[in-house]
Every structure is written in structure tokens, then in C-alpha cells.
2 protein chains.
Amino acid sequence: MTRPRPLRADAERSVRAILEAAEQVLARDPAASMEQIAEAAGVARATVHRRFATRQALLDAMATDVVRQLDTLIDEGRPETAPPMVALHRITAGVLRLKLAWPFAMASSMDPTSPMADGQRRIADRCEDLMRRARDHGLLAPTADLTWTRQVYYALLGEAAHATTEHDPDALATLVLDTLLHGLGPKSE
Amino acid sequence: MTRPRPLRADAERSVRAILEAAEQVLARDPAASMEQIAEAAGVARATVHRRFATRQALLDAMATDVVRQLDTLIDEGRPETAPPMVALHRITAGVLRLKLAWPFAMASSMDPTSPMADGQRRIADRCEDLMRRARDHGLLAPTADLTWTRQVYYALLGEAAHATTEHDPDALATLVLDTLLHGLGPKSE
DNA sequence: GTGAAATGATACATAAGTGTTGCAGTTAGC
DNA sequence: GCTAACTGCAACACTTATGTATCATTTCAC
């Protein structure tokens with residue numbers, strides 16, 4: 001699963017360059033060829049195949065990478081111990097940062113046919129756990145459906161990453177959570 | 001742009017079968033081949049190419065079809081004259097019906113590289129006009145950003161179409177609009 | 001410095017999809 | 001019923017991407 005043997009420094013550099021180039025190119029055109037990725041990475045196509053045996057292997061590596069970052073990011077948000085609103089804001093801002101930097105990898109890791117599907121399911125479960133805590137703390141309506149809540153939360157994250165005016169992760173996180181909790185209706189209901 | 005000459009009945013039947021088969025097949029796998037689409041439609045691959053010169057032409061036809069349905073659906077919702085909440089609910093339910101029946105076509109018509117991009121922009125404008133009316137009527141907060149509001153609305157429509165428990169367009173529309181306006185927080189804020 | 005690892009360049013084999021054409025048989029329209 | 005349109009089937013040419021292999025050259029690790 002992991003590297004059978006450690007890579008040399010130049011090979012490691014190639015791996016990084018390819019992963020980052022793939023993100024750039026595939027975000028623009030998900031059907032882009034290995035050739036285009038290689039060119040963007042500044043390496044020969046053969047080298048891409050040396051580091052990633054198949055196209056699928058490259059895509060999997062991107063998804064794995066981003067899911068790992070997501071995992072540590074959630075850990076650091078202390079979703080089980082910190083006040084729900086604090087954890088929510090920290091995690092939301094972190095996810096937005098990731099989404100802004102790795103939009104393609106983030107999107108492809110959500111694909112249920114991806115080998116990271118169980119990783120995403122685990123993350124979704126942790127997300128729903130946090131939502132449950134938020135509900136218990138009175139942050140969400142007692143009647144709120146946790147699955148729907150998480151769906152809406154994911155959707156808002158996706159839209160916020162596409163926002164045209166604002167690009168600061170913290171400001172966007174505030175917008176996302178405010179919208180999630182209060183909607184867009186008037187304050188005096 | 002439109003048909004230079006009227007199609008015979010059997011040809012018209014083929015067109016319909018191909019469009020519906022394409023929706024079924026492409027929703028499952030967006031990279032599915034013309035061969036798979038032809039098989040699902042119960043026609044020969046050559047026939048698909050006779051009705052739609054290129055793959056792109058088929059995709060365009062699907063997008064055009066769904067955008068036209070979207071247009072009439074919005075017209076029938078009377079977004080300029082009916083009470084905003086009524087129009088919103090009617091249109092929302094209609095869009096959800098379309099999304100449930102033509103998920104792939106609806107998604108692909110949103111693609112900005114699609115030739116229907118201007119059609120979608122026009123629809124987005126009408127949507128924002130309706131949002132503006134809703135805001136003027138006090139349905140939305142006076143500070144609500146109309147672009148963000150529309151983005152959130154679109155996202156909620158997308159998620160509602162993927163909802164697992166509920167599949168009735170009207171119930172889903174209620175859920176979408178309630179979430180849009182009030183969020184998921186507790187009632188007493 | 002020496003050897004192993006990595007790279008670029010090039011060529012090759014393979015596979016798959018796309019779009020076209022010709023022809024024989026059928027189907028719809030008048 | 002006659003004609004033109006349509007279809008299935010098969011073959012074809014063309015394009016494109018993928019993955020592999022070879023070899024000379026460069027770069028890293030020790």
C-alpha cells in the first residue's frame with residue numbers, strides 16, 4: 001500500500017511536481033491526458049508512468065493525499081472536545097482552505113467509486129457526530145435531520161469554494177455556518 | 001439550428017429513445033460510449049450517429065431539451081406576478097422533478113463550457129430577479145447577497161435531488177425553501 | 001568517486017472510441 | 001402500392017490515449 005522502498009530525493013520531487021500539476025490541469029479539464037499533466041509538471045510522460053503506474057493510480061494518490069490532510073485537519077479541530085461552534089468553524093475554514101488549493105482532488109475523493117470511498121464515509125460519520133453534538137448543545141434544531149444537515153453543510157462548502165467575491169477561508173467559514181444555522185431569511189421571524 | 005425538415009415517425013421515435021437512453025447511461029457513467037448508449041436505446045450505433053452527427057451534438061441536444069423545459073417551467077411559476085413564496089415553491093418543485101428525471105442533462109447544462117451557457121445565465125438572472133422580489137417582500141433578509149442566495153439555492157436543489165429518504169418533489173421543495181430561509185438552527189434564536 | 005537510481009527521448013504495441021460509408025431489408029407517408 | 005426515408009449490419013479509416021521498453025545521460029546517496 002505504501003512505498004516498498006524509500007524514494008530518492010529527485011524522485012520525490014517528481015512525485016510532488018506531478019501531483020500538483022495534475023491538480024492544476026485536471027481542475028481545468030478532468031479529461032486531460034497524462035501528456036498534458038507531464039508537460040505541466042515539467043517532466044517526460046514516461047516519468048509520470050514511472051511514479052504512477054496507471055492514470056488511475058495517479059488519481060487514487062491525489063484522493064488519498066487529500067483525504068489524509070482532511071483527517072488530520074479534523075483531528076486538529078477537536079470535534080469531540082472543543083465547543084461545537086469552535087470546532088465547526090475551525091474545521092470549516094480548514095476544509096475550505098483544502099478545497100481552494102485542491103478542488104479537483106477534493107471533488108474526486110467524494111466519488112463513491114473511488115477507493116477512498118470508505119475514507120470519505122468515515123469522515124462523513126465524524127461530521128455527523130459533530131452535528132449531533134451541535135444539536136445536543138442547542139446549536140441545531142432538535143428536529144434537525146443529521147443526514148440532511150451534513151448534506152447541506154457539504155453543499156455550502158462546495159459553493160463557498162466557488163464564491164467570487166470573498167476568498168478568505170475564515171470569512172467564508174463564517175458565511176457557511178451562518179447560512180447553515182440561520183438561513184437567508186430576515187432575523188425577526 | 002432547428003430541424004431543416006420534419007422527421008418521419010420512426011426517426012422521431014429513435015431520437016426520443018436515444019435521448020432517454022443517453023440520460024440513463026450517462027447518469028451512471030458520464031464517460032460511457034456511443035455504443036453503450038445505442039445498446040441501451042435498442043438501436044444500432046450508426047443510427048445514433050444518423051440522428052446526432054457527433055457525440056457533442058447529442059450532449060447539446062440533451063442540454064437544450066432540459067433548458068427549454070426549465071424555461072417553460074419557470075414561466076408557469078409566474079415569478080414576476082405571483083407571491084414570491086408561491087412562485088418559489090412551484091418553481092422549486094418543478095426543478096426538482098426535472099432533476100430527478102434528467103439528472104445528467106441538468107448537470108451538464110450547468111457546465112459553463114456548454115453551448116447552453118447563455119441559457120443557464122438567463123435562467124440564473126431570472127432566478128436572481130425572483131430572489132430580489134422575495135427580498136423586497138421581506139422573505140429574505142435585506143442584507144442578503146443575491147448571488148450567494150442563488151448559489152445556496154442551487155446547491156440545495158442539487159442535494160435535495162440526492163436525498164435518500166424523501167422523493168416527493170413537493171415535500172422536497174418545502175424542505176429546500178425552509179432550509180434556505182431559516183437554516184437548520186433552533187427556532188428561538 | 002562509484003554505483004545505483006532516476007530521467008529524457010524515442011519508439012512501439014495495444015486498445016478504444018469516433019465518425020463514415022455501402023448495401024440490403026423495413027417501414028412510414030402519400 | 002410506390003417511393004423515399006429509415007434502419008441494422010458490417011467494414012473502414014482515423015484519432016487519441018495508455019502503457020511498455022530501450023538506451024544514453026544525469027543526479028543522488030554513500
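Proteins come first, then strands; the chains are lettered A, B, ... in the order of their sequence lines, and each starts at number 1. From a predicted model like this one, the values you see are computed outputs, not experimental measurements.
- The nearest whole Å value for the distance from the CD atom in Q36(A) to the P atom in dA17(D) is 7 Å.
- Residue R51(B) places at least one side-chain N or O closer than 4.0 Å to OP1 or OP2 of dT7(D).
- In the set dG19(C), dT27(D), dA9(C), the nucleotide with an atom closest to the side chain of H49(B) is dG19(C).
- Taking the centre and axis of the six-membered ring of F52(A), the NZ or CZ atom of R55(A) falls outside the cone set by 45° and 6.0 Å.
- Side-chain to base pairing of R45(A) with dG19(D): one donor and one acceptor N or O lie within less than 3.5 Å of each other.
- Here R132(B) pairs with D129(B) in a salt bridge; the nearest charged N to carboxylate O distance falls below 4.0 Å.
- Under 3.5 Å, the side chain of R50(A) and the base of dG8(C) form at least one donor-acceptor pair of N or O atoms.
- The nucleotide whose nearest atom lies closest to any side-chain atom of R8(B) is, among dA4(D), dT10(C), dC28(D), dA4(D).
- At the heavy-atom level, A9(B) lies under 4.0 Å from the strands shown only through sugar-phosphate atoms.
- Between the side chains of S109(A) and W102(A), no donor N or O sits under 3.5 Å from an acceptor N or O.
- The side chain of S14(A) contributes no N or O atom lying less than 4.0 Å from OP1 or OP2 of dA6(C).
- For S33(A), whose side chain is taken as the heavy atoms from C-beta onward, the closest listed nucleotide among dA17(D), dG8(C), dA6(C) is dA17(D).
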Would you tabulate the side-chain donor-acceptor contacts of residues 73-81 of chain B under 3.5 Å, counting partners in other chains and residues two or more places apart, or write 'none'?
residue: D75(B); atom: OD1; partner: R126(B); partner atom: NH1; Å: 3.1
residue: D75(B); atom: OD1; partner: R126(B); partner atom: NH2; Å: 2.9

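- Within the nucleic acid shown, R55(B) comes within 4.0 Å of sugar-phosphate atoms alone, with no base atom in reach, counting heavy atoms only.
- Side-chain N/O atoms of R13(A) include one lying less than 4.0 angstrom from OP1 or OP2 on dC28(D).
- For A46(A), counting side-chain heavy atoms from C-beta on, the closest listed nucleotide (dC6(D), dT7(C), dA21(D)) is dA21(D).
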